[in-house]
Amino acid sequence: MTAPVFVVDSLDGVAVPGGEFVLDGPEGRHAVSVKRLRPGEDVVLTDGRGRWTEGVVKAAEGKDRLVLMDLASVVEEPVEQPRITVVQALPKGDRGEVAVETMTEVGVDAVVPWQAARCITQWKGDRGLKALAKWRATAREAGKQSRRVRFPEIADAATTPQVAALLADADLAVVLHEDREHGSEPLATAELPTEGDIVLVVGPEGGVSPAELALFAQAGARPYVLGRTVLRTSTAGTAAAALLLGRTGRWS
């Protein structure tokens, strides 16, 4: 297994090759009290935006201080191509966090919360801000757990016209839509770009409305299906992203 990942705000001035660094605060507490790291174990530090370095545990002090030594030079991981953005309609309850967690684990690059017409959940006022914060915290923790050094961007909640604008700028615009009478094609046979942006829309449990489908079609999006079964909104994005990641070679 690769070394555990911990997040720092910035690696500027932190990682001096061969030097030492003290990881403290919540990340230090997690390393010392939860992960129980010991001298000699490897650790990765990242800013979550693609820059990372690695070091070796020198000592654990108290309950929240981890002293690292033998720091390596900072490396910047390139942005993978093609980039995959999932527009996720707001699910009920905690299924939104489940969707973000699993999409982060498989390798999605960005998630856009979408207030679709048929969403039961409504992000309004403080409730919406708290829900968005939970999605972002989930992406951060899932990024660490899956050993990523470039965490997915969790955008502000988007309206349907804003989603249409994203689709219009995409190199491949996909709307997951199960409707035998609508002419949806299998996503497994879609022609994929080798670079640029793939934008994938996942509708709510009630499906994408006819008006939304029409607007997305005007933006250049086409409807696709994953297979014969119908997935819940909280799992469809993960399954579709996994299919695309395998087909584009990003999992090779």
Side-chain angles (χ1 to χ4, degrees), residues 79-91 95-96 98-119 135 139 142 146 148 150 152-155 158 160 162-252:
V79 177
E80 295 197 75
Q81 294 289 333
R83 190 171 183 267
I84 298 176
T85 296
V86 175
V87 176
Q88 175 66 60
L90 305 181
R95 289 187 174 273
V98 172
V100 171
E101 180 179 51
T102 53
M103 287 191 286
T104 299
E105 290 172 359
V106 300
V108 164
D109 300 290
V111 179
V112 180
W114 173 38
Q115 187 72 65
R118 293 175 175 172
C119 282
W135 282 34
S146 54
R148 291 181 62 166
R150 188 182 293 279
E153 174 192 353
I154 308 299
T160 296
Q162 289 171 330
V163 172
L166 281 177
L167 293 169
D169 289 337
D171 296 278
L172 174 64
V174 172
V175 179
L176 292 184
H177 185 64
E178 193 282 327
D179 184 347
R180 288 183 173 85
E181 296 181 359
H182 199 79
S184 299
E185 300 176 10
L187 186 58
T189 62
E191 185 175 348
L192 305 182
T194 57
E195 58 184 19
D197 292 294
I198 297 175
V199 177
L200 171 73
V201 174
V202 178
E205 297 292 348
V208 182
S209 73
E212 290 166 338
L213 282 172
L215 183 61
F216 296 162
Q218 291 176 10
R222 300 185 64 178
Y224 292 89
V225 292
L226 285 172
R228 296 181 179 179
T229 60
V230 178
L231 301 180
R232 300 199 69 165
T233 185
S234 55
T235 54
T238 300
L243 173 62
L244 293 172
L245 288 160
R247 291 193 58 213
T248 58
R250 283 183 49 174
W251 274 6
S252 299

A.B. asks: Verify side chain to side chain contact (heavy atoms under 4.5 Å, CB included) between Thr104 and Glu101, making sure each step is shown before the conclusion.
C.D. replies: CA-CA 5 Å; Thr104 299; Glu101 180 179 51; 5.9 Å; no
A.B. asks: Show me the pairs that pass side-chain hydrogen bond (donor to acceptor under 3.5 Å, both in side chains) and involve residues 242-252, at least two apart or across chains.
C.D. replies: Asp109-Arg250
A.B. asks: Taking atom CD of Glu195 as the centre, report whether more than 12 heavy atoms of other residues, nucleotides or ligands fall under 6.0 Å from it.
C.D. replies: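 Not more than 12 within 6.0 Å, no.
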A.B. asks: Please find the pair of heavy atoms, one from Pro113 and one from Leu90, that lie closest to each other, and give the distance.
C.D. replies: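 For Pro113 versus Leu90, the nearest heavy atoms are CB-CD2, 3.8 Å.
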A.B. asks: Working to the nearest 0.5 Å, report the span between CD1 of Ile154 and CE of Met103.
C.D. replies: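 Nearest 0.5 Å value for the CD1-CE distance: 7.0 Å.
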A.B. asks: How close do Leu226 and Ala239 get, counting heavy atoms only, and between which atoms?
C.D. replies: CD1-CB, 4.0 Å
A.B. asks: Closest heavy-atom contact between Thr102 and Ser234?
C.D. replies: OG1-O, 4.4 Å
A.B. asks: Tell me if a side-chain donor or acceptor on Thr233 pairs with a main-chain N or O of Pro91 at a distance below 3.5 Å.
C.D. replies: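 A pair under 3.5 Å: no.
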A.B. asks: Determine whether a donor-acceptor pair (N or O, by modelled atom type, separation under 3.5 Å) exists between the side chain of Glu212 and the backbone of Ala117.
C.D. replies: yes
A.B. asks: Which ring-ring contact (aromatic ring centres under 6.0 Å, His included) pairs, counting each pair once, include a residue from residues 193-233, with sequence neighbours left out?
C.D. replies: Trp114-Phe216
A.B. asks: Can you tell whether the side chains of Glu153 and Arg83 come within less than 4.0 Å, N to carboxylate O?
C.D. replies: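 Between Arg83 and Glu153 there is a salt bridge, with a charged N closer than 4.0 Å to a carboxylate O.
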A.B. asks: What closest approach, in Å, do Ala221 and Leu167 show between heavy atoms, and which atom pair accounts for it?
C.D. replies: CB-CD1, 4.0 Å
A.B. asks: When rounded to the nearest 0.5 angstrom, what distance separates CG in Leu187 from CG in Leu176?
C.D. replies: 6.5 Å
A.B. asks: Does the side chain to side chain contact (heavy atoms under 4.5 Å, CB included) test come out yes or no for Asp197 and Asp169, once each step is laid out?
C.D. replies: CA-CA 8 Å; Asp197 292 294; Asp169 289 337; over 6 Å; no
A.B. asks: Quick one: pull up CG in Leu243 and CG in Leu192 and give me the separation to the nearest 0.5 Å.
C.D. replies: 8.0 Å
A.B. asks: How long is the span from the CZ atom in Arg118 to the CD atom in Glu205, to the nearest 0.5 Å?
C.D. replies: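 CD of Glu205 is found 12.5 Å from CZ of Arg118.
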A.B. asks: Restricting to non-hydrogen atoms, name the atom on Gln115 and the atom on Thr160 that form the minimum distance, rounded to 0.1 Å.
C.D. replies: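 Distance-wise, the nearest heavy atoms are O-OG1, 4.3 Å.
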A.B. asks: Which pair of non-hydrogen atoms, one from Ala158 and one from Val163, has the smallest distance, and what is that distance?
C.D. replies: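 That closest heavy-atom pairing would be CB-CG2, 4.0 Å.
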A.B. asks: Can you check whether Gly196's main-chain N or O pairs, donor with acceptor, with Gln81's side chain at less than 3.5 Å?
C.D. replies: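 Yes, the answer is positive, given that a donor and an acceptor are paired below the 3.5 Å cut-off.
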